[in-house]
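Reading through the structure tokens given below for one structure.
Note on naming: letters A, B, ... go to the chains in the order of the sequence lines (proteins, then strands), and numbering restarts at 1 for each one.
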Amino acid sequence: MMGCHLSYIPQRLVWEDQKPINSFYKGDLLYWRCNKEQLENPYKQFSPLCEISHNLGVNNQDVISNKADVLYSIKESDDFEIYPKKDVLTLTIEKVNAENFFIKVYEEIKGDVHYTAKMQLLHDPVPCMFPHCIFRIWINDQQITRENYKKTLKKLNKIKSRIRQDLSVMRENGSIDLNENPQTLRNQN
Amino acid sequence: MSNNLGYIELKSDLESSICYREHYESILENQSNSFESPLLKEVGEIFNAIFSEYKDLTKFQLTVLTKLINEFNNINILIDPNRLKDFNHFMNYDDELCLYRRSEKGITNLVIHEDEDITYSFIGEDKSNILDFFNLDSDFEFIAYHFFSN
């Protein structure tokens with residue numbers, strides 16, 4: 001495991017020999033670094049809809065990080081220590097499954113192909129940020145990355161929209177709820 | 001034909017658009033009262049700004065926008081001009097054009113994908129959560145009405 005070479009990162013955030021966290025609980029907190037525009041409309045998406053980063057703030061009542069910690073830059077290539085002009089949103093986990101995972105599954109048929117997507121919250125520690133987490137997405141068991149995004153998830157309008165809706169609802173409501181599913185407009189009438 | 005000077009100026013602006021004139025002409029044909037209402041003039045200006053700002057809209061996106069302009073116009077003339085409210089727009093990372101409104105009830109997004117689909121989303125302050133999909137054959141009056149309903 002490579003060490004953290006950024007001297008401004010507090011030692012409590014550095015990943016040394018702590019075991020990764022593999023369970024989430026009701027009441028856990030995540031912190032999401034965002035642009036102010038995204039607070040106005042969470043649909044505003046400025047990057048590929050994959051590997052969506054958060055920091056784990058509280059896990060099973062243990063404090064893992066502080067809210068402001070998600071503002072630290074952990075890229076050695078950045079020439080700043082703290083992201084300027086960003087806001088931080090707190091999300092509370094309301095419900096996970098019986099195995100203490102947060103996983104959602106989505107389906108779409110496009111052409112003759114049946115696509116199944118999975119979005120899962122994972123603890124993804126990196127050398128300079130042990131609390132780092134991601135919402136990771138797979139389609140038909142292929143992990144979606146920035147490199148393959150345009151050829152995969154970008155083309156699936158319905159799956160992408162359902163994922164975007166779920167993430168936006170989380171941000172609007174400040175909560176992560178496994179049971180939260182949208183109704184259709186036509187069912188309202 | 002309206003003698004409203006503002007209407008005449010706006011119509012002239014739209015028809016002078018090199019890129020999108022044919023789209024406007026199909027809307028303004030026989031629509032002598034189009035954009036006469038000051039409120040609809042604002043809506044017209046928003047659409048003009050969209051056509052001006054986003055130069056690489058796909059044919060699908062342009063077609064959807066044209067249909068929406070028609071329906072917004074119908075709301076003004078046939079239903080109730082007070083139904084039309086201000087809205088905003090942006091282009092996201094995936095080159096999808098998004099029209100949106102935030103009100104005291106919540107936030108409504110209408111995502112016009114590059115092809116095939118239009119996504120309607122409403123996230124309510126009361127935790128309501130609505131998502132639906134439409135295409136070119138859908139009822140655009142229905143879509144337009146619900147875009148302004150919350």
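At most 12 non-hydrogen atoms from other residues, nucleotides or ligands lie less than 6.0 angstrom from NZ of A:Lys150. Around atom NZ of A:Lys110, more than 12 heavy atoms belonging to other residues, nucleotides or ligands sit under 6.0 Å away. Open room surrounds CD on A:Gln61; 12 or fewer heavy atoms of other groups in view lie less than 6.0 Å from it. Remark: A:Lys118 NZ is packed, more than 12 non-hydrogen atoms of other residues, nucleotides or ligands lying under 6.0 Å away. Within a 6.0 Å sphere centred on CG of A:Asp141, other residues, nucleotides and ligands contribute 12 heavy atoms or fewer.
Heavy atoms only, all atoms of each residue included: B:Ile130 and A:Pro182 are closest at C-CB, 4.3 Å. Pairing each heavy atom of A:Lys44 with each of B:Tyr100, the nearest pair is NZ-OH, 3.1 Å. Listed here is the closest heavy atom pair of A:Asn173 and B:Gly124: OD1-O, 4.5 Å.
Interatomic distance, CG of A:Asp177 versus NZ of B:Lys127, reported as 10.0 Å (0.5 Å rounding). A distance of 8.5 Å separates CD in A:Gln45 from OH in B:Tyr93, rounded to the nearest 0.5 Å. How far CZ of B:Arg101 is from CG of A:Asn41: 12.0 Å, rounded to the nearest 0.5 Å. Summarising the geometry, atom CZ belonging to A:Arg162 is positioned 9.0 Å from atom OG1 belonging to B:Thr119; distances are rounded to the nearest 0.5 Å.
When hydrophobic clusters are built by joining Ile, Leu, Val, Met, Phe, Trp and Tyr residues whose side-chain heavy atoms come closer than 4.5 Å, directly or via intermediates, A:Leu122 is not grouped with A:Tyr106. Under a hydrophobic clustering in which Ile, Leu, Val, Met, Phe, Trp and Tyr are joined whenever their side-chain heavy atoms come within less than 4.5 Å, directly or via other members, A:Met119 and A:Tyr149 fall into the same cluster. Grouping the Ile, Leu, Val, Met, Phe, Trp and Tyr side chains by contacts below 4.5 angstrom, directly or via other members, places A:Phe102 apart from A:Ile134. The cluster map of Ile, Leu, Val, Met, Phe, Trp and Tyr, joined by side-chain heavy atoms under 4.5 Å apart, puts B:Ile143 and B:Leu62 in the same cluster. Transitive grouping of hydrophobic side chains (ILVMFWY, heavy atoms separated by less than 4.5 Å) brings A:Tyr115 and A:Ile137 into a common cluster.
In summary, A:Arg164 and B:Asp94 engage in a salt bridge, as defined by a charged side-chain N under 4.0 Å from a carboxylate O. Salt bridge annotation for A:Lys154-B:Glu96: absent, with no cationic side-chain nitrogen under 4.0 angstrom from a carboxylate oxygen.
Contact annotation for A:Glu172: only side-chain heavy atoms (C-beta onward) come within less than 4.5 Å of a heavy atom of chain B. Looking at A:Phe46, only its backbone comes within 4.5 Å of chain B, counting heavy atoms on both sides. Using a 4.5 Å cut-off between heavy atoms, A:Lys155 makes no contact with chain B at all. Of the atoms belonging to B:Ser121, heavy atoms from both backbone and side chain fall under 4.5 Å from chain A. Of the two parts of A:Glu37, neither the backbone nor the side chain holds a non-hydrogen atom closer than 4.5 Å to a non-hydrogen atom of chain B. Contacts of B:Tyr120 with chain A are made by side-chain atoms alone, with heavy-atom separations under 4.5 Å and no backbone atom involved. For A:Ser175, no part sits under 4.5 Å from any heavy atom of chain B, backbone or side chain. Within the 4.5 angstrom heavy-atom criterion, atoms from both the backbone and the side chain of B:Leu131 approach chain A.
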Check the pair A:Leu185 / B:Phe134 against side chain to side chain contact (heavy atoms under 4.5 Å, CB included), numbers first and verdict last.
CA-CA 10 Å; A:Leu185 188 59; B:Phe134 300 93; 3.9 Å; yes

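Side-chain contact between B:Ile107 and A:Tyr43 is absent, with no heavy atoms from C-beta onward closer than 4.5 Å. Between A:Gln165 and B:Ile123, the closest side-chain pair of non-hydrogen atoms falls below 4.5 Å.
Without hydrogens or angle criteria, A:Asn157 side chain to B:Asp115 main chain gives a donor-acceptor distance under 3.5 Å.
Of the N and O atoms on the side chains of A:Gln183 and B:Asn129, not one donor lies less than 3.5 Å from an acceptor on the other residue.
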